[in-house]
*Asks:* 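Mind having a look at this structure? Questions to follow.
Only a predicted model underlies this, so the values are computations on that prediction, with no experimental measurement involved. Protein chains get the first letters and strands the later ones, always in sequence-line order, with residue 1 at the start of each.
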Protein chains: 2
Amino acid sequence: MPLPLHRGNGLPLYQQIQQRLADQIQAGVFKPSEPLPSIQKIAAQMGVSQMTVRQAIKSLCEIGMLYSRQGKGTFISGIKLEKEFRHVLSFSEEARAHGATPHSRLLSFSIQKPSEETRAALALADGDRVFRLHRVRYEDSLPISIECSCLAVSACPDLMEIFDPDTSLYERLADHYGIQLAITEEVIEVGKANMEEARLLQVPRQSPVFLFTRVSFREDGRPVEHVKSTYRGDRYKIVNRLMRTRRSVLGASHIL
Amino acid sequence: MPLPLHRGNGLPLYQQIQQRLADQIQAGVFKPSEPLPSIQKIAAQMGVSQMTVRQAIKSLCEIGMLYSRQGKGTFISGIKLEKEFRHVLSFSEEARAHGATPHSRLLSFSIQKPSEETRAALALADGDRVFRLHRVRYEDSLPISIECSCLAVSACPDLMEIFDPDTSLYERLADHYGIQLAITEEVIEVGKANMEEARLLQVPRQSPVFLFTRVSFREDGRPVEHVKSTYRGDRYKIVNRLMRTRRSVLGASHIL
DNA sequence: TAGTGGTCTAGACCACGGC
DNA sequence: CCGTGGTCTAGACCACTAC
């Protein structure tokens, strides 16, 4: 019987319960495929309401640590949790997430007329201009990718003054403009490195590469950034976790 | 003021509310960045409890259709919902999802000693044997990928008798063995088509291709299938939606 | 029948934002 | 200050599973 729950201090009860259950599972108190004590028992034992325990358990189900079966119980999944889901991450965050030190070399930074693709992606009006930020990205002095970001000048007017090549662009957007990126849509294709890409990435010509096209949005759906990147294929791979889908909430008219 | 909610018939109230709100948003009753009526008002207007409305709204937030701000309200996101998240999908489901007809050509189907990689991925004991299913996958008679699936013989002993090359393998696993796949872990790399791959996929040699390595699990974490696939790069691309991460529930000892 | 998870109620209080 | 969403309670009933 471990520590009591703290009521009224910062952390909500359900998050404390969630953390405690996660700790116990990772410590091996419960084994995979074994049932957790029932919600009623956990609630009684911890002195909280059943709804509060449910909230904790639901979160742990969503990340695949538990699964519930009506009428049977809640069970421990044996899924290894080292592999996380992919999220919206800046290059800097992603590098640090696997223990490397990120930095970047600026190739160019200018204000331009957007390409038609960028204009459409950022929903720009005729005549709107964009910042175009062209960089090579490194992890521990190893070149990993070439990135070309476009952002509307109107969204971050003095970006050229405040931009620091060694700070995450996303941090600057949050700090100075209150722009929080919530969702990224990406398309991933494969290609071959052309001469310039091969030189910048220090790989042979024609080497296979990943081609990313990403558009990032604020919570309300306004597009912020349109990025096209080339990642070297010999030093970069994508790790993903996918879960079985729930039924879509979209109407039939949206199914082509 | 539309239809009333149906109490006590199949669908839970919160799902009916969720569907109704989704319909209204897609019909343009509410515009992006506009606030939804407050939870209290929706609850009063629909004659249900606040918790029930919250449950509906929470689901819509999770798919990016709404977002909530404490103290301010709940707002409509302008994110286009045609682009869905990626899930665990069979090749057949994926093909049908974008309107193509899937089928496959069997190259070989045998019982073998697993490779060391497969043995580790499926947590097999020494001496365990696997089914090895080698196929070319087509969408509308266009070859898309070469797939090599391995499944433990002990998990689906008479697979060779019941397998039908034109039915989804996943459906058979569910039908005959009650095996439901819940989670897939995948690693995506790039490569160049070798001679045999180029021939089977009808692309030039050295063409860039996607290399997928996937392991699929049941809910309880038991591995079921280990797959290595080669997808042609000129006819296949990956579309993804990523969301900003919530804080991890893992302890510090798991951060490398 | 007993025990489980799933849904739902009618409140309560808190934290936060804007006025 | 008020209105908002976020958390929490102490129950209730239902649906499902197992015995």
Side-chain angles (χ1 to χ4, degrees), chain A residues 4-21 30 33-62 64-77 178 180 182 219-220 246-247, chain B residues 4-21 30 33-62 64-77 178 180 182 219-220 246-247:
Chain A
L5 299 173
H6 304 292
R7 305 184 91 98
N9 82 336
L11 217 53
L13 284 178
Y14 78 93
Q15 287 182 20
Q16 297 180 46
I17 295 169
Q18 177 182 338
Q19 187 64 57
R20 181 179 300 187
L21 291 174
F30 307 106
S33 303
E34 268 184 17
L36 213 61
S38 76
I39 289 172
Q40 292 123 327
K41 286 176 185 158
I42 295 175
Q45 194 235 324
M46 293 192 175
V48 299
S49 167
Q50 292 187 21
M51 285 291 292
T52 306
V53 177
R54 276 179 211 290
Q55 209 171 346
I57 287 179
K58 199 180 170 212
S59 303
L60 294 175
C61 287
E62 277 164 7
M65 184 177 271
L66 297 175
Y67 62 100
S68 292
R69 281 285 152 268
Q70 190 170 97
K72 297 184 71 174
T74 302
F75 302 86
I76 285 79
S77 163
Q180 300 273 3
E219 275 180 327
D220 63 3
R246 25 207 137 183
R247 184 169 63 283
Chain B
L5 300 172
H6 305 293
R7 306 186 89 99
N9 82 338
L11 217 53
L13 285 179
Y14 77 93
Q15 286 181 21
Q16 297 180 46
I17 295 169
Q18 178 183 338
Q19 189 64 57
R20 180 179 299 186
L21 291 175
F30 307 107
S33 302
E34 267 184 15
L36 214 61
S38 76
I39 288 171
Q40 292 123 327
K41 285 173 186 160
I42 295 176
Q45 193 236 326
M46 293 191 174
V48 300
S49 168
Q50 293 187 20
M51 284 291 292
T52 306
V53 177
R54 276 178 212 288
Q55 210 171 345
I57 287 179
K58 197 179 170 211
S59 302
L60 294 175
C61 288
E62 275 163 8
M65 185 178 270
L66 297 175
Y67 60 100
S68 293
R69 281 283 154 267
Q70 190 171 92
K72 296 185 71 174
T74 301
F75 302 85
I76 285 80
S77 162
Q180 300 274 4
E219 277 181 323
D220 64 2
R246 24 204 139 189
R247 184 170 59 283

*Asks:* Between S38(A) and dT4(C), does any side-chain N or O lie under 4.0 Å from OP1 or OP2?
*Replies:* yes
*Asks:* Does any part of the side chain of M46(B), heavy atoms only, come nearer than 4.5 Å to the side chain of I17(B), both counted from C-beta?
*Replies:* yes
*Asks:* Quick one: L13(B) CG to dT7(C) P, roughly how many Å, whole number?
*Replies:*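 Interatomic distance, CG of L13(B) to P of dT7(C): 11 Å.
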*Asks:* Let me know the distance between NZ of K41(A) and P of dG3(C), rounded to the nearest Å.
*Replies:*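 It is 8 Å, rounded to the nearest whole Å.
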*Asks:* Rounding to a whole Å, what distance do you find between L11(A):CG and dA15(C):C1'?
*Replies:*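 After rounding, the gap between these two atoms is 14 Å.
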*Asks:* Sequence neighbours left out, what passes ring pair (Phe, Tyr, Trp, His ring centres under 6.0 Å) with F30(B)? Give chain and number order.
*Replies:*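 Expected list: none.
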*Asks:* Considering residues at least two apart in sequence or located in another chain, which fulfil the side-chain contact (heavy atoms from CB on, under 4.5 Å) criterion with Q50(A)?
*Replies:*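 Partners of Q50(A) by the side-chain contact (heavy atoms from CB on, under 4.5 Å) criterion, ordered by chain and then number, come out as I39(A), Q40(A), A43(A), R54(A).
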*Asks:* Have a look at K58(A) and say if it touches a base, only the backbone sugar-phosphate, or nothing, with a 4.0 Å heavy-atom cut-off.
*Replies:*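 Contact class for K58(A): none.
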*Asks:* Let's see if you can work this out: which of dC8(D), dT4(D), dT9(C) has an atom nearest to the side-chain heavy atoms of R7(A)?
*Replies:*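 Comparing dC8(D), dT4(D), dT9(C) against the side chain of R7(A), the answer is dC8(D).
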*Asks:* Could you provide the dot-bracket string of DNA chain C, using ( ) for intrastrand pairs, [ ] for crossing pairs and | for bases paired to another strand, with Watson-Crick or G-U pairs below 3.5 Å?
*Replies:* ||||||||||||||||||.
*Asks:* Nearest-Å distance, CG (L60(A)) to C1' (dG5(C))?
*Replies:* 16 Å
*Asks:* Using only side-chain N and O atoms of S49(B), determine if any of them is under 4.0 Å from OP1 or OP2 of dC8(C).
*Replies:* no
*Asks:* Could you give the CD1-to-P distance, from I76(A) to dG5(C), as a whole number of Å?
*Replies:* 11 Å
*Asks:* State which residues pass side-chain hydrogen bond (donor to acceptor under 3.5 Å, both in side chains) with Q55(B); sequence neighbours excluded, sorted by chain then number.
*Replies:*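 Once residues adjacent in sequence are excluded, Q55(B) has no partner under the side-chain hydrogen bond (donor to acceptor under 3.5 Å, both in side chains) criterion.
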*Asks:* Does dT4(C) have OP1 or OP2 under 4.0 Å away from a side-chain N or O of Q40(A)?
*Replies:*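 Indeed, a polar side-chain atom of Q40(A) lies that close.
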*Asks:* The criterion is side-chain contact (heavy atoms from CB on, under 4.5 Å); which residues satisfy it with S33(B), sequence neighbours excluded?
*Replies:* D220(A)
*Asks:* Assign I57(A) to base, sugar-phosphate, or nothing according to its heavy-atom contacts below 4.0 angstrom with the strands shown.
*Replies:*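 I57(A): no heavy atom of the nucleic acid under 4.0 Å.
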*Asks:* Counting only side-chain N and O atoms of T74(B), is one of them less than 4.0 Å from OP1 or OP2 of dT4(D)?
*Replies:* no
*Asks:* Once side-chain hydrogen bond (donor to acceptor under 3.5 Å, both in side chains) is applied, do any residues pair with E219(B), and if so which ones, sequence neighbours excluded?
*Replies:* R69(A)
*Asks:* Whole-Å distance between dG5(D) C1' and Q55(B) CD?
*Replies:*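 Q55(B) atom CD is separated from dG5(D) atom C1' by 16 Å.
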*Asks:* Using heavy atoms to find the nearest nucleotide of DNA chain D for M51(B) and S68(B) separately, return the residue whose nucleotide is more 5′.
*Replies:*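 Going by which nucleotide is closer to the 5' end, it is S68(B).
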*Asks:* Can you find a heavy atom in the side chain of Q18(B) that is under 4.5 Å from one in the side chain of L11(B)?
*Replies:*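 They are not in side-chain contact.
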*Asks:* Check the interface with nucleotides 12-17 of chain D: list each N/O to N/O pair with the protein under 3.5 Å, or write none.
*Replies:*
from: dC16(D); atom 1: O4'; to: Q70(A); atom 2: OE1; distance (Å): 3.2

*Asks:* Tell me: CD of Q15(A) to C1' of dA15(C), nearest whole Å?
*Replies:* 14 Å
*Asks:* Could you tell me which residues satisfy side-chain hydrogen bond (donor to acceptor under 3.5 Å, both in side chains) with S68(B), sequence neighbours excluded, listed by chain and number?
*Replies:*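 Checked S68(B) against side-chain hydrogen bond (donor to acceptor under 3.5 Å, both in side chains); matches are T74(B).
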*Asks:* Nearest whole angstrom, please: distance from the P of dG3(C) to the CG of L36(A).
*Replies:*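 Those two atoms, CG and P, are 18 Å apart.
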*Asks:* State the CG-CG distance between L36(B) and L21(B), to the nearest 0.5 angstrom.
*Replies:* 5.5 Å
*Asks:* Residues two or more places apart in sequence or in another chain: which of them pass ring pair (Phe, Tyr, Trp, His ring centres under 6.0 Å) with F75(A)?
*Replies:*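 Checked F75(A) against ring pair (Phe, Tyr, Trp, His ring centres under 6.0 Å); matches are Y67(A).
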*Asks:* Counting side-chain heavy atoms from CB outward, which of dT9(D), dT9(C), dT4(D) is closest to V48(A)?
*Replies:*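 Selected nucleotide: dT9(D).
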